[in-house]
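None of the values given here were measured: they were computed from a predicted structure. The sequence lines fix the lettering, A, B, ..., with proteins before strands; numbering per chain opens at 1.
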Amino acid sequence: MQWKQVVLPRHAARRLEVIIDLSDMLEETPAGRYIPKAYEPAYVEEKWYRFWLDNKLFHAHADSGKEPFTIVIPPPNVTGSLHLGHALNNSLQDFIIRRKRMQGYEALWLPGTDHAGIATQNVVERKLAEEGLTRQEIGREAFVERVWEWKKKYGGNIIRQLKRMGCSCDWDRERFTMDAGCSRAVREVFVRLYEEGLIYQGYYIVNWCPRCHTAISDIEVEHEELEGKLWYVRYDIKDSEDYFYVATTRPETMLGDTAVAVNPRDHRYHQLVGKTAVLPLLGRELPVIADDFVDPEFGTGIVKVTPAHDPNDFEMGKRHDLEEINIFTPEAVVNEGGGPYAGLERYEARNAVVRDLEKIHYISKVETHHHAVGHCYRCHTVIEPYLSKQWFVSMKALAEPAIEAVEVERTGFVPSRWEKTYFEWMYNIRDWCISRQLWWGHRIPAWYCRECGEVIVSREDPERCPCGGELKRDPDVLDTWFSSGLWPMSTLGWPDETEDLRFFYPTTVLVTAFDIIFFWVARMMMSGLHFMGDVPFYQVFVTALIRDESGKKMSKSSGNVIDPLEVIDHYGADALRFTLGHIAVPGRDVFLPEERIAGSRHFCNKIWNASRFTLMNLEGFDAGAVREEELDLTLADTWILSALSGLIQRMDQHCEAYNFSEACRALYEFFWSDFCDWYVELSKLRLYGSHEADRRTAQYVLWTVLERALRLLHPFMPFITEEIWQRLPHQGESITRAPWPRPRPELVDEEAEKDMNVLREIITCMRRLRAEMGIKPSKLTSALVIDMAGDRNALLERYMDYIISQARLSSLDVVRKVEDPSSYARGLAAGVEVFIPLDSEDFSEELERIERELAKLEDESRRFKAKLSNDQFLSKAPQEIVQKERRKLADVMLKMDRLKEQLELLGGS
RNA sequence: GGGCGUUUAGCUCAGCGGGAGAGCGCCUGCCUUACAAGCAGGAGGUCGGCGGUUCAAAUCCGCCAACGCCCACCA
């Protein structure tokens, strides 16, 4: 037997030291037996997750005959560990899928992980470095072997963490972007696109990371606004005394200059075009060309052209057939092309060039200059535009159907404004550099013949070239996003026509953060349409990003992370999930304060205790034996059932709109304020009363409301709801498969809701009077009420016990007139005047209260009067609004009237 | 250089055309037998600024300011 001291907050610990028998807690506890006083998530979460898995409750079947509802997970990096972004994103997916499962859909949430090329390679390289090794030393094959070993050992980390969150994924279908199936899909896509001429190889300027030693795509470059310098450098004109200045931010690249350019419409420099300039320091001769690209406004209006080291200059070089001189090694060290500067690192080279130019007085001025500098998204090294041979996907043709699919709303974004972002990128799409000079990833299926130079791209590894020559495989691998871009197809079995693919494709909704719309969403759209002939998903639900208090994206490097697992340890998974749901307002980034999580834990505890109360009072109750139509429902019963029905309707609206924030709010409000604060309290009147029938009715309603509420809560708080569900007396097995509640419009009773509100207002008013007069809660007091509205008498008489119990009265009399009003404190609520006897002669506090109240009412009445004396308002506003304003004014006037009278009686001014 | 978002109570945020809301914090009183991780009551806001539309604006439109984000090949 295991014993554990439970840590309680200070004030609780003061009162009791609880020692809980752990084995008892983990045991199935039938109704009525010992239930701990506080909800302890640690004791229930693991138990139920195992139960769900053991009973295959998350497993979907392609042949069930039900309607499919599919979500594929945005695959987290295998190297990843769960951060709040994952926690939010996956909680939202779980909210959706758990509800759909309850609604009776064949709900599939397909999980998996991404091999994450650079990230994973970096991790394993660091591991090697600890052993004093490099990947070059151990060789490619051994290195890849090491990565697989690493993946086997640590790759399950994030999956375990998702399980702790309670994610209801179909783990039998778990996939990995480099498993056999996904790899086959990748290869098939590559070959087909190549055969269609949409994949090509070429010698272009690409974004090169000198640290990762690989090309990266345009969107993998992060631009950062930096303060740099603008040097004005003198270039002489050949065989002349004349010279001119060009402005440059990167003087070291002049080592690769092969021309100088001006704008053809720039009259200042007409005479220069066609002449030859001389490159300072190196003496290379450069033609002066005219090109529209040049902006006459910038710098001197003359630009140096370095085709091998600047994307614009590269284009210009192609247009003017300029020589491309590469001056850097892959490490961004100057190579032999840089003459005397060879061997210098790029920034050393910059300093050296500037120093040498200054020596000969060829720099006229230096300005500070703000410009965006590209950085590698993985290691944050400054990107070098670098000339190299790479593989590209031609995007224009693929983008067109993807644009159209969103235009005709085959796929829609939620919130819809993200469509603009999507279109913007799609319309300006550029070809995608897909080759990476890495070892970890899908190797490009291209072979080169050593004899004839033939390029072979093939589904099967070829033995030899048709010419008989020996083949050498392309050493590069594909961009990670190439495989994740196929995720909705490849995970369901494509290119085979599997049952899963037929049944679950297209998936229903994709849940993702906006920062990967370009990387991922757009590419899945393109591949899905191209290869499946249909969109990969009907909806894209774009979630918030979680930021820290200064608005920054949470990231390990900024040290501003909240670790979701620590949160789970402290507060429980349900508290974390509910908080995330609560703050996830659509279309807005969020900040997560820890106090909010504590608040959700309190809510868990509230649910726990309300359930405990219900269970403690269900003795002898048999839900199956109850005939609803035979129940003698009282006002509280019809009211709470009506409110519940309204809640269910709102829940459906909010959930369908992915507005989980509103859904959580509605649940919280209903459960705490309506059910706990009022219904449970009022139910005690009947539970502890003498009539057996009353008790049965109260039990039934308590049980019904709790049971429905648990089902509504379940998608958000799976663990606590299952724990309680299993303790409730009913036939169902797991709440994960319990039907999602349907609204019952026949139970909506506006009359009951109105009456209940009247009673609540009266009770609150009495409590306020009591509190303001300092009547101790333990002291019962008498009270009188007068029905001023004229139609409340029956209600007051009938539900006197509600008022007496909730306002802690000794007696309540409904009267027409009060004999000695000056000995009472008075209030007015819902058209009923309330009198509580004053037990002291000191009226000063009461007088003060009245004065304050009067001042407020005076203000209000002025506003209503102004409005109601405005002809425009009376004629143009809808009649119901006018009526409402009239009623409000009447109400205020009545209140003022009563207060003034009281003031006089008490002898105030 | 384009585009987007935010600005409401001390803090974090809902509300987005008809009487200013929540949680936390704060003040007062309660160990009322489901819950002190609780209960009851209370204080606290000219809804960033200016203009416009409207009978009516926190809410719609325009301009401005501050903060934040995304995109971008002016060297």
- Item | salt bridge (charged side-chain N to carboxylate O under 4.0 Å, His left out) evaluation trace for Glu761(A) with Arg768(A) | CA-CA 10 Å; Glu761(A) 274 185 54; Arg768(A) 186 169 54 239; over 6 Å; no
- Item | Inter- and intrachain pairs under side chain to side chain donor-acceptor pair (under 3.5 Å), touching residues 865-876 of chain A, at least two apart | none
- Tell me which nucleotide among rA75(B), rC39(B), rA34(B) gets nearest to the side chain of Phe293(A). rA75(B)
- Item | Closest to side chain of Cys676(A), choosing from rA34(B), rA36(B), rA75(B) | rA34(B)
- Counting primed atoms, P, OP1 and OP2 as sugar-phosphate and everything else as base, the B/S/- map of nucleotides 40-45 of chain B against protein heavy atoms under 4.0 Å is SSSS--
- Message: For a quick check under 3.5 Å, do Tyr43(A) and Glu723(A) share a side-chain donor-acceptor pair by atom type?
- Response: no
- May I ask you to say what Ala598(A) touches in the nucleic acid, namely base, sugar-phosphate or nothing, with a heavy-atom cut-off under 4.0 Å? nothing
- Among the nucleotides rU12(B), rC35(B), rA14(B), which one has an atom lying closest to any side-chain atom of Asn605(A)? rC35(B)
- Message: Using atom C1' in both nucleotides, what's the gap between rG44(B) and rC26(B) to the nearest angstrom?
- Response: 9 Å
- Query: If the P atom of rA75(B) is compared with that of rA66(B), how far apart are they to the nearest Å?
  - Reply: 25 Å
- Item | Whole-angstrom distance between rA58(B) and rA20(B), as gauged at atom C1' | 8 Å
- Grab the two heavy atoms, one from Gly374(A) and one from Val221(A), that are nearest each other, plus how far apart they are. CA-CG1, 3.5 Å
- What is the nucleic acid contact for Glu681(A), judged by heavy atoms within less than 4.0 Å: base, sugar-phosphate only, or nothing? base
- Message: Would the distance check show the side chain of Arg808(A) and the main-chain N or O of Pro777(A) forming a donor-acceptor pair, the cut-off being under 3.5 Å?
- Response: yes
- Query: Does a sphere of radius 6.0 Å around NZ in Lys856(A) hold more than 12 heavy atoms from other residues, nucleotides or ligands, not counting ones at 6.0 Å or beyond?
  - Reply: no
- Using a 4.0 Å heavy-atom cut-off across all strands, classify Phe675(A) as base, sugar-phosphate, or nothing. nothing
- Task: Using a 4.0 Å heavy-atom cut-off across all strands, classify Asp295(A) as base, sugar-phosphate, or nothing.
- Result: base
- Tyr377(A) and Glu222(A) side chains, donor-acceptor separation under 3.5 Å: no
- Message: When you compare the side chains of Arg612(A) and Asn609(A), does any donor N or O come within less than 3.5 Å of an acceptor on the partner?
- Response: yes
- Task: Please tell me which of Pro311(A) and Thr421(A) maps to the more 5' nucleotide of RNA chain B, matching each residue to the nucleotide holding its nearest heavy atom.
- Result: Thr421(A)
- Polar contact flag, side-chain donor to acceptor under 3.5 angstrom, Arg665(A)-Ser661(A): yes
- Which is true for Arg612(A) with a 4.0 Å heavy-atom rule: it touches a base, it touches only sugar-phosphate, or it touches nothing? sugar-phosphate
- Task: Please state the C1' separation for the pair rC67(B) and rG48(B) - nearest whole angstrom.
- Result: 11 Å
- Query: Does the side chain of Ser217(A) come under 3.5 Å of the side chain of Glu220(A) through a donor N or O and an acceptor N or O?
  - Reply: yes
- Task: Take atom NE2 of His570(A) as the centre, draw a 6.0 Å sphere, and report whether it contains more than 12 heavy atoms from other residues, nucleotides or ligands.
- Result: no
- Message: Distance check, P atoms only: rG25(B) and rG68(B), in whole angstrom units.
- Response: 30 Å
Nucleotide N/O of nucleotides 15-20 of chain B paired with protein N/O under 3.5 Å:
from    : atom 1 : to        : atom 2 : distance (Å)
rG19(B) : OP1    : Lys888(A) : NZ     : 3.2

- Could you tell me whether Arg887(A) contacts a base, only the sugar-phosphate backbone, or nothing, with contacts defined as non-hydrogen atoms closer than 4.0 Å? nothing
- Note on the structure: Closest to the 5' end of RNA chain B, once Trp672(A) and Pro777(A) are matched to their nearest nucleotides, is Pro777(A)
- Remember a base hit wins even if backbone is also touched, and classify His369(A) as base, sugar-phosphate or nothing at under 4.0 Å, heavy atoms. sugar-phosphate
- Watson-Crick or G-U stems of RNA chain B, 3 or more pairs, under 3.5 Å, by first number: B:1-7 with B:65-71, B:10-13 with B:21-24, B:26-30 with B:38-42, B:48-52 with B:60-64
- Task: Provide, to the nearest angstrom, the distance between the CD atom belonging to Glu384(A) and the C1' atom belonging to rA75(B).
- Result: 14 Å
- Task: Could you check Asp257(A), Asp310(A), Asp313(A), Thr258(A) and say which one makes a side chain to side chain donor-acceptor pair (under 3.5 Å) with Lys304(A)?
- Result: Asp257(A)
Could I get a table of every N or O pair under 3.5 Å where one atom is in the protein and the other is in nucleotides 8-11 of chain B?
none

- Per Lys37(A) side chain, nearest of listed nucleotides rA14(B), rA75(B), rA36(B): rA36(B)
- Query: In terms of side-chain heavy atoms of Lys684(A), which of rA34(B), rG29(B), rC70(B) is nearest?
  - Reply: rA34(B)
- Query: Do any N or O atoms from the side chain of Glu252(A) and from the backbone of Val353(A) form a donor-acceptor pair under 3.5 angstrom?
  - Reply: no
- Rounded distance in Å - CD (Glu419(A)) to C1' (rC70(B)): 17 Å
- Does His371(A) place a side-chain N or O at less than 4.0 Å from the phosphate oxygens OP1/OP2 of rC74(B)? no
- Checking rA72(B), rA34(B), rU32(B) against the side chain of Ala610(A) (C-beta onward), the nearest is rA34(B)
- Have a look at Val305(A) and say if it touches a base, only the backbone sugar-phosphate, or nothing, with a 4.0 Å heavy-atom cut-off. nothing
- Tell me what Lys304(A) touches on the nucleic acid: a base, only sugar-phosphate, or nothing, going by heavy atoms under 4.0 Å. nothing
- With no hydrogens and no angle check, is any side-chain donor or acceptor of Thr249(A) less than 3.5 Å from a backbone partner on Lys229(A)? no
- Using the six-membered ring wherever Trp is involved, compare the ring planes of Phe578(A) and Tyr668(A) and label them parallel, tilted or perpendicular (cut-offs 30° and 60°). parallel
- From CG of Asn617(A) across to P of rC35(B) the rounded distance in Å is 12 Å
- Task: Considering just the side-chain nitrogens and oxygens of Tyr668(A), establish if one lies under 4.0 Å of OP1 or OP2 belonging to rA14(B).
- Result: no
- Item | Whole-Å gap separating C1' (rU6(B)) and CG (Leu545(A)) | 15 Å
- Value in whole Å for how far the C1' atom of rC69(B) lies from CD of Glu224(A): 14 Å
- Test for a donor-acceptor pair under 3.5 Å between the base of rC35(B) and the side chain of Lys606(A), counting only N and O atoms. yes
- Message: Taking CD in Glu367(A) as the centre, count heavy atoms belonging to other residues, nucleotides or ligands within less than 6.0 Å. Is the count above 12?
- Response: yes
- Task: Indicate, with a heavy-atom threshold strictly under 4.0 Å, whether Arg770(A) touches base, sugar-phosphate, or nothing.
- Result: nothing
- Report the distance from atom CZ of Arg665(A) to atom P of rC24(B), rounded to the nearest whole Å. 14 Å
Name each donor-acceptor pair under 3.5 Å that joins a side chain in residues 878-896 of chain A to protein atoms two or more places apart or in another chain, with its distance.
from      : atom 1 : to        : atom 2 : distance (Å)
Glu885(A) : OE2    : Lys888(A) : NZ     : 2.8

- Query: What integer distance in Å separates Ile517(A):CD1 from rG5(B):C1'?
  - Reply: 14 Å
- Message: Using atom C1' in both nucleotides, what's the gap between rG21(B) and rC30(B) to the nearest angstrom?
- Response: 27 Å
- Query: Under 4.0 Å between a Lys/Arg side-chain N and an Asp/Glu carboxylate O for Arg695(A) and Glu619(A)?
  - Reply: no
- Message: What is the distance, to the nearest angstrom, from the CD1 atom on Ile302(A) to the P atom on rC74(B)?
- Response: 21 Å
